[in-house]
Amino acid sequence: MPKRVFLRWLGRDEPDVAEAREAASRLVKDAMRAADIIAKSACCFKKGRVYKRELVDVSDSLEK
């Protein structure tokens, strides 16, 4: 939601504070969710971390 929408709601003769508050809450919730996703993804690519690859026999795992 563009910031100008918040300004328009708050800039009215009778500001719609409730609507602006709800929109701001949604914005914060979405931003926190995005930050959490980025943080979880970033930990997979930390500098200096070496991942060892190894072959796995899938057919043996399926038989069990």
Side-chain angles (χ1 to χ4, degrees):
M1 178 169 301
K3 63 182 175 186
R4 63 182 170 268
V5 173
F6 293 108
L7 295 175
R8 186 172 56 225
W9 285 333
L10 296 173
R12 294 178 180 168
D13 290 336
E14 291 185 32
D16 194 345
V17 177
E19 188 70 34
R21 183 179 292 124
E22 282 183 41
S25 293
R26 286 191 304 265
L27 181 70
V28 168
K29 181 182 171 187
D30 291 345
M32 290 176 66
R33 184 171 184 270
D36 187 45
I37 290 169
I38 291 168
K40 287 179 180 177
S41 299
C43 77
C44 295
F45 301 100
K46 288 201 181 221
K47 197 173 190 176
R49 209 170 195 178
V50 179
Y51 294 96
K52 182 181 173 188
R53 289 184 175 188
E54 60 183 62
L55 294 175
V56 177
D57 185 1
V58 178
S59 59
D60 184 47
S61 298
L62 291 175
E63 289 175 8
K64 294 179 183 180

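Keep in mind that this is a model prediction, so the values were computed, not measured.
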Legend entry - CZ (Arg21) with more than 12 external heavy atoms under 6.0 Å: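 Atom CZ in Arg21 is not crowded, with 12 or fewer foreign heavy atoms closer than 6.0 Å.
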
Inset, instruction - Taking side-chain contact (heavy atoms from CB on, under 4.5 Å) as the test, write out the residues that go with Asp30, two or more places apart. - result: none

Inset, instruction - Spell out, yes or no, whether Val17 and Val5 are grouped together once hydrophobic residues are joined by side-chain heavy atoms under 4.5 Å, including indirect joins. - result: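 Different clusters.
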
Legend entry - Nonpolar side-chain network containing Val28, other nodes, edges under 4.5 Å: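 Via sub-4.5 Å side-chain contacts, Val28 links to Met32.
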
Legend entry - Heavy-atom closest contact (Trp9 atom, Ala20 atom, distance): CE3-CA, 3.6 Å

